[in-house]
Amino acid sequence: MADVEHPMGIKTVGEASAVATHMLRHEDINGSNRLFGGRLMEWIDDAAGIAARLQCGGNVTTAAIDTLEFKHPAYLNDIVVIEAWVTHVGNTSMEVRADTYVIDPASGERTMINHAYLTEVCVDDEGHPMTVPWGLVATTPEQHEECDGARRRAEIRKMRRAEGV
Ligand SMILES: CC(C)(COP(=O)(O)OP(=O)(O)OC[C@H]1O[C@@H](n2cnc3c(N)ncnc32)[C@H](O)[C@@H]1OP(=O)(O)O)[C@@H](O)C(=O)NCCC(=O)NCCS
């Protein structure tokens, strides 16, 4: 994938990030007495959109959500935390990783209940894609690993799109 020029400079991984906390209420629960998946998807989309806006400094729209994995259920009164951060900047698009946890209020222990990658696109006032003004650089080995994976995932998405599968 060709390197893209980002006119405003570079942000480090983590600068563009968002944390959202929710306590599950009756309106968040489905007929099986668990967190309604669609509600969580809305919260994830929100957090990812905020992280992406902090990366590009403007407006974004969600182009795609993939690898949305519901790993564990959550229940009424559970405390849910979503951590979202930008893992890759393409030309006009960004990948955002969003991890969702339930936190045990007594012990502070976190259980991951969802893991997702979203593609957010930086858009101008007319909603047309525009180059993300800020590039992204990883500074730790863990971030490098995540960003390498993100580049690979971006290539796979492009291939899938090009081939229509
Ligand atoms: C997202 C949108 C702006 C993309 O517009 P487009 O004309 O398809 O633009 P492009 O083909 O140039 O794609 C723009 C970027 O998004 C990426 N992209 C677009 N669709 C994608 C998809 N389905 N999956 C992954 N990436 C995608 C492209 O790879 C490109 O990335 P790059 O510039 O970093 O290389 C447009 O499809 C749109 O407005 N969709 C509706 C979005 C929306 O309403 N979201 C809210 C849903 S509730």
Side-chain angles (χ1 to χ4, degrees), residues 1-22 24-25 27-30 34-71 74 80-100 112-139 142-165:
M1 203 175 290
D3 282 344
V4 179
E5 192 112 338
H6 300 282
M8 294 294 284
I10 301 286
K11 293 188 180 181
T12 54
V13 171
E15 270 189 75
S17 61
V19 178
T21 310
H22 302 268
L24 299 194
R25 304 183 189 286
E27 60 266 29
D28 306 320
I29 301 301
N30 67 17
R34 297 166 168 217
L35 168 60
F36 171 48
R39 178 82 71 197
L40 180 58
M41 286 164 68
E42 177 190 342
W43 291 341
I44 288 171
D45 192 32
D46 240 13
I50 292 167
R53 289 195 70 184
L54 291 170
Q55 178 69 34
C56 76
N59 287 329
V60 301
T61 190
T62 305
I65 302 180
D66 55 63
T67 329
L68 188 92
E69 293 174 24
F70 292 96
K71 293 171 174 295
V80 166
V81 176
I82 301 165
E83 293 179 347
W85 68 100
V86 175
T87 49
H88 177 70
V89 173
N91 177 17
T92 66
S93 71
M94 294 156 277
E95 182 191 80
V96 180
R97 174 172 171 169
D99 291 347
T100 305
M112 186 186 275
I113 62 164
N114 190 285
H115 171 63
Y117 289 109
L118 300 88
T119 303
E120 300 285 335
V121 177
C122 180
V123 291
D124 63 17
D125 290 343
E126 277 79 49
H128 300 130
M130 58 175 274
T131 298
V132 180
W134 299 88
L136 185 70
V137 66
T139 56
E142 293 79 17
Q143 291 174 359
H144 275 288
E145 195 176 329
E146 179 68 39
C147 292
D148 287 347
R151 258 192 298 277
R152 179 81 185 110
R153 286 188 294 277
E155 283 166 10
I156 292 168
R157 284 185 202 109
K158 273 199 196 310
M159 269 191 306
R160 275 208 314 248
R161 245 189 125 205
E163 292 172 19
V165 291

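Whatever order the structure lists them in is the order used to number ligands and atoms, beginning at 1. This structure is a prediction, so every number in the text was calculated from the model and none was measured.
- The single protein non-hydrogen atom nearest to atom 4 (C) of ligand 1 is P129 CG, 4.2 Å, given as residue, atom name and distance.
- Taking a cutoff of 4.0 Å between a charged side-chain nitrogen and a carboxylate oxygen, E155 and R152 qualify as a salt bridge.
- Distance check on atom 19 (C) of ligand 1: some protein heavy atom falls below the 4.0 Å cut-off.
- When hydrogens are left out, the protein atom nearest atom 1 (C) of ligand 1 is A63 CB, 3.7 Å; that is the closest non-hydrogen contact.
- Using a 4.5 Å cut-off on side-chain heavy atoms (C-beta onward), M41 and F70 make contact.
- Those atoms of ligand 1 with a heavy atom of K158 less than 4.0 angstrom away are 29 (O), 31 (O), 32 (P), 35 (O).
- The protein non-hydrogen atom at the shortest distance from atom 24 (N) of ligand 1 is A64 CB, 3.4 Å.
- A salt bridge links R157 to E95: one of the charged nitrogens lies within less than 4.0 Å of a carboxylate oxygen.
- At the shortest separation from atom 16 (O) of ligand 1 among protein heavy atoms lies V121 CG2, 3.3 Å.
- When heavy-atom distances to ligand 1 are checked against a 4.0 Å cut-off, S93 comes that close through both its backbone and its side chain.
- Remark: the backbone N or O of E145 is not paired with any side-chain donor or acceptor of D148 at under 3.5 angstrom.
- In this structure a side-chain-to-backbone donor-acceptor pair under 3.5 Å is missing from E15 to L136.
- Considering both main-chain and side-chain atoms, T62 comes within under 3.5 Å of ligand 1 through a nitrogen or oxygen pair.
- Using a distance-only test at 3.5 Å, with no hydrogens or angles considered, a donor-acceptor pair links the side chain of R53 to the main chain of G58.
- For the atom pair CH2 of W43 and CG of D28, the computed distance is 4.0 Å after rounding to the nearest 0.5 Å.
- Contacts between T119 and ligand 1, counted as non-hydrogen atom pairs separated by less than 4.0 Å, involve the side chain only.
- Of all protein heavy atoms, the one lying nearest to atom 28 (C) of ligand 1 is R161 NH1, 3.5 Å.
- In this structure, the side chain of D99 does not engage the main chain of E83 through any donor-acceptor pair within 3.5 Å.
- Within ligand 1, the atoms closer than 4.0 Å to a non-hydrogen atom of G90 are 34 (O), numbered from 1 in the order shown.
- Scanning the protein heavy atoms around atom 38 (C) of ligand 1, the nearest turns out to be T61 CG2, 4.7 Å.
- Of the charged side-chain nitrogens involved, at least one lies within less than 4.0 Å of a carboxylate oxygen, so that R153 and E146 count as a salt-bridged pair.
- Both the backbone and the side chain of T92 come within 4.0 Å of ligand 1, counting heavy atoms alone.
- The minimum heavy-atom distance between V132 and P7, with the atom names listed, is O-CD, 4.5 Å.
- At a distance under 4.0 Å, no protein heavy atom can be found next to atom 41 (C) of ligand 1.
- For atom 35 (O) of ligand 1, the nearest protein heavy atom lies closer than 4.0 Å.
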